[in-house]
Every structure is written in C-alpha cells, then in structure tokens.
Amino acid sequence: QVDLVESGGNLVQAGGSLRLSCVASGNIFLINPMSWHRQAPGEQREFVAQITREGTTEYAVSMKGRFTISRDNAKNTVYLQMVDLKPEDTAVYYCSAVGNRRYWGQGTQVTVSS
C-alpha cells in the first residue's frame, strides 16, 4: 500500500505562485516515477509533469516554462512549483506514483482568480 498526501493548494491571483507538495508513505521502495495531474470541473484529468528518482523530468506542453517539478527522495516528497498562474490553471491537482500499480493522492485545490 502507498499513501500520497498533497498539500499547498490555495486561492491565488493571476500571476501568482504556489508550491504544491506530495508526501509518499508506505511501500515506496519501488515507486518511480512520480507525477502531477490536474482535473478541472467537468474536465478529464490531464497530465502536468513527471519526475523520475534520478531527476529526469517531463512536462505537458501547456505547463512547460511555468511549472517545475522536483523531488526530495530523502523525504519521499515531490513538489510542483507553479509560477505565473492563470485562471485556466484552476483545478484539483493530484499527485501520482507508479509502483506495482498507479497510486493517487486525494488532490489539492488550486484556484486562480483573475
């Protein structure tokens, strides 16, 4: 069993920044990679960014340049630094990890006001 707990979501004005965190616990030894996805109301969940334990990153094209994913393996934590936030970034952001299957956190709400 793997537990993922996100935090850091908030209400922020357009152009602002947020840093999301996801702490993994449980059977995490084989978890790699970890990623962030988001889901806006009425929309499908979409990929945001991914990072391997070695630090290799991938980004959705719409987020590249504004979002930065990172991880602290010693803390079993992955981060998503978001800058220049836009109203269209409003969504529930989910942490995910792949081990023997894909695990999901409960999500953290990011709301960007104009």
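All values derive from a computational prediction rather than experimental measurement.
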J.: I'd like a table of donor-acceptor pairs (distance under 3.5 Å, sequence neighbours excluded) in which one partner is a side-chain atom from residues 17-24, with atom names and distances.
T.:
none

J.: Spell out, yes or no, whether Val2 and Trp36 are grouped together once hydrophobic residues are joined by side-chain heavy atoms under 4.5 Å, including indirect joins.
T.: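 Yes; Trp36 is reachable from Val2 via cluster members.
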J.: Holding to side-chain contact (heavy atoms from CB on, under 4.5 Å), I want the full list of residues that pass it with Gln44, two or more places apart in sequence or in another chain.
T.: none
J.: Apart from Trp104 itself, what residues make up its hydrophobic cluster, given side-chain heavy atom links below 4.5 Å?
T.: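 So far as hydrophobic clustering goes, Trp104 is joined with Val92, Tyr94.
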J.: For the atom pair NE2 (His37) and CD (Gln50), what is the distance rounded to the nearest 0.5 Å?
T.: 8.0 Å
J.: When hydrophobic residues are tied together by side-chain contacts of less than 4.5 Å, even through go-betweens, does Tyr103 share a cluster with Tyr93?
T.: yes
J.: Val98, Met34: one ILVMFWY side-chain cluster at the under-4.5 Å cut-off?
T.: no
J.: Tabulate below the donor-acceptor pairs under 3.5 Å that side-chain atoms of residues 107-114 make, not counting sequence neighbours, or state none.
T.:
| from | atom 1 | to | atom 2 | distance (Å) |
| --- | --- | --- | --- | --- |
| Thr108 | OG1 | Gly9 | N | 3.0 |
| Gln109 | NE2 | Ala91 | O | 3.4 |
| Gln109 | NE2 | Thr111 | OG1 | 3.3 |

J.: Taking only residues two or more places apart in sequence or in another chain, which ones pass side-chain contact (heavy atoms from CB on, under 4.5 Å) with Lys86?
T.: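 Partners of Lys86 by the side-chain contact (heavy atoms from CB on, under 4.5 Å) criterion, ordered by chain and then number, come out as Arg66, Asp84, Glu88, Asp89.
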J.: Taking the side chain as every heavy atom from C-beta outward, state whether Tyr79 and Thr68 have any pair of such atoms under 4.5 Å apart.
T.: no
J.: From Ser62 OG over to Arg38 CZ, what is the distance, rounded to the nearest 0.5 angstrom?
T.: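 Result: 5.5 Å between the selected atoms.
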J.: Where is the tightest heavy-atom contact between Thr77 and Lys75, given as atom of each residue plus distance?
T.: OG1-O, 2.8 Å
J.: Asn27: which residues meet the side-chain contact (heavy atoms from CB on, under 4.5 Å) condition with it, sequence neighbours left out?
T.: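 With neighbours one apart ignored, the set is empty.
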J.: Of all the heavy-atom pairs spanning Arg53 and Arg71, show the shortest one and how long it is.
T.: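 Closest heavy-atom pair between Arg53 and Arg71: N-NH1, 3.3 Å.
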J.: How long is the gap from CE on Met63 to CD1 on Ile69, to the nearest 0.5 Å?
T.: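 The CE atom of Met63 sits 11.0 Å away from the CD1 atom of Ile69.
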J.: Within this structure, what is the CG-CG distance for the pair Asn76 and Asp3, rounded to the nearest 0.5 Å?
T.: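 Interatomic distance, Asn76 CG to Asp3 CG, rounded to 0.5 Å: 12.0 Å.
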J.: Closest approach of Val78 and Cys95, non-hydrogen atoms and distance?
T.: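 That would be CG1-SG, 3.7 Å.
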